[in-house]
Engineer: 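Dropping the structure in here first, questions after.
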Amino acid sequence: MAQYILEPFKIKTVEAIPITTRAERAQFIAAAGYNIFLLPSRAVTIDLLTDSGTTAMSDQQWAGMMAGDEAYAGSRNYYHLQEVVREIFGFEQFVPTHQGRGAEQVLFGILAQPGNVIPNNTHFDTTRANVEARGSVAVDLVIPEGKDPTNRHPFKGNMHLAALETLIAQTGVANIPLGMITITNNAVGGQPVALENIRATKAILARHGIPFFIDACRYAENCYFIRQREPGYRNKSIQEIAREIFSYADGFTMSAKKDGLVNIGGLLAARDPALFEQIQNRLILTEGFISYGGLARRDLEALACGLEEATDEKYLAYRTGQIAYLAERLLEAGVPIVEPPGGHAVFLDAKRFLPHIPQAHFPAQALTGALFLEGGIRGVEIGSVMFGHTDASGAPVYADLELVRLAIPRRVYTQAHLDYVAEVIAAVYRQRDSVRGLKMIYAQPSLRHFTARFEPL
Ligand code: F0G
């Protein structure tokens, strides 16, 4: 078994977590229509719904919040953030945004036109939605290994380079305003992208004169995987790896709610001065002035500190080690998961966990309910509730994979909490034959997973 990597912090402030009885949990989940999005957080003991905006901030960040200079323009916190962005990413021109999708909305609002095609290793939902809202087409080009839950490729998030070449040849350069790569690749399990693959993606796009942007939410975790797994990077620092990655980028978007170690915030950067001018204009229209972008200035200070803290190797060893530890404990109990685990979450494979439940009865959704009932754990379905739909003839179309994502918030839970999570899941696995499927009794036509309601069969 992997040796557990010590939490590189001690706890100064505590927040009580709800400890409930099984009878109370049964009431909560029934009242929520068996949809964990409809649970109040006071019902949840261990909340693994997302790693986004759920970070515990450090004493330095909280001290920085008190040093917020709430000037509308030119706040000193903005200049601090500017220094940090220059140092880590090597970008001179950037704006803050209220969160990741704020950056996406501004960028695609300028670059994406109806009929355009935008390639990415895999678009995150909001990225895809912002591309599609402009009438453009979002194309996912991850390598085939990325879609196989048992393939142990070290960089399962990589861009499929040959497919990118083919797409450019078929679509024509004039219809591709930019190409993107998402690090780590959240939608295929938080899987990293190799530096070699980033370099090659840039080379292909540059040969055709297409700008290259990075979706940088979890870039620090990606840097750590490069250091561990890619030949030639063992002796480089996280900062050196980050500088090399971003040296290839013409710009980047970032939800700072992940590797920015803050509860709210985002970044958008671009090298081209003409594009950056348009970004500033659009930012003022929709997010806020260029020196705050929809955030309080104290938030900018917390972000400047958080970006620095997230590049600390000891922190990243603990962070990725925590995910690997939970994955190993689950594998020891025989629980089927997506392997290898990625940087921010462990994904349970509900098709193999609950083989007796057909896709029509939503096995991954049923599993989220079972985890909640057994131990108050909230994971999220990434399967046919989220991605399923009906085709033109009214026949149901199911997702390829039926997964439950257990996303681990940064610096929030300890090893003891993870042991508890592993024990609860192992208990559900032992009684898996008794878990029943669900019938969907209410659904909105789009983004139905947020509000759908179910009944047990
Ligand atoms: N890009 C990626 C890769 C993301 O994972 C997210 C958010 C966004 C963009 C959008 O950022 O939420 O700040 O507007 N992911 C969260 C998650 C919601 O749970 O994975 P945002």
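Given the structure is predicted, the values throughout are model-derived calculations rather than measurements. Counting convention: from 1, in listed order, for ligands and their atoms alike.
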Engineer: Does ligand 1 have any atom that is closer than 4.0 Å to a heavy atom of Gly266?
Structural biologist: no
Engineer: Identify whether the distance between the nearest side-chain nitrogen and carboxylate oxygen of Arg410 and Asp259 falls below 4.0 Å.
Structural biologist: yes
Engineer: Give yes if a backbone or side-chain nitrogen or oxygen of Ser52 is under 3.5 Å from a nitrogen or oxygen of ligand 1, and no if not.
Structural biologist: no
Engineer: Under a 4.0 Å N-O cut-off, is there an ion pair linking Asp419 with Arg329?
Structural biologist: yes
Engineer: Quick one: look at Arg405 and ligand 1, take heavy-atom pairs under 4.0 Å, and tell me if it's side chain, backbone, both or neither.
Structural biologist: side chain
Engineer: Taking distance alone, with N or O pairs closer than 3.5 Å, would you say Thr126 contacts ligand 1?
Structural biologist: no
Engineer: So, are Lys351 and Glu402 salt-bridged, with charged N and O less than 4.0 Å apart?
Structural biologist: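 Answer for the salt bridge query: no.
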Engineer: Which ligand 1 atoms are under 4.0 Å away from a heavy-atom of Lys257?
Structural biologist: 13 (O)
Engineer: Out of all atoms in ligand 1, which are within 4.0 Å of some heavy atom of Cys217? Include the element for each.
Structural biologist: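 That gives atoms 1 (N), 2 (C), 3 (C), 4 (C), 9 (C) of ligand 1.
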Engineer: Looking at Arg297 and Asp69, is there a salt bridge between them, counting it only when a charged N and a carboxylate O are closer than 4.0 Å?
Structural biologist: no
Engineer: Would you please name every residue forming a side chain to side chain donor-acceptor pair (under 3.5 Å) with Gln278, sequence neighbours left out?
Structural biologist: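 Expected list: none.
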Engineer: Check if Lys258 has a non-hydrogen atom at a distance under 4.0 Å from any atom of ligand 1.
Structural biologist: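 Distance cut 4.0 Å: Lys258 passes for ligand 1.
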Engineer: Scan residues 110-154 for pairs that pass ring-ring contact (aromatic ring centres under 6.0 Å, His included), counting only residues two or more places apart or in two chains.
Structural biologist: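 Found none.
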Engineer: For Arg101, which part has a heavy atom under 4.0 Å from ligand 1: side chain, backbone, both, or neither?
Structural biologist: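 Both the backbone and the side chain of Arg101 come within reach of ligand 1.
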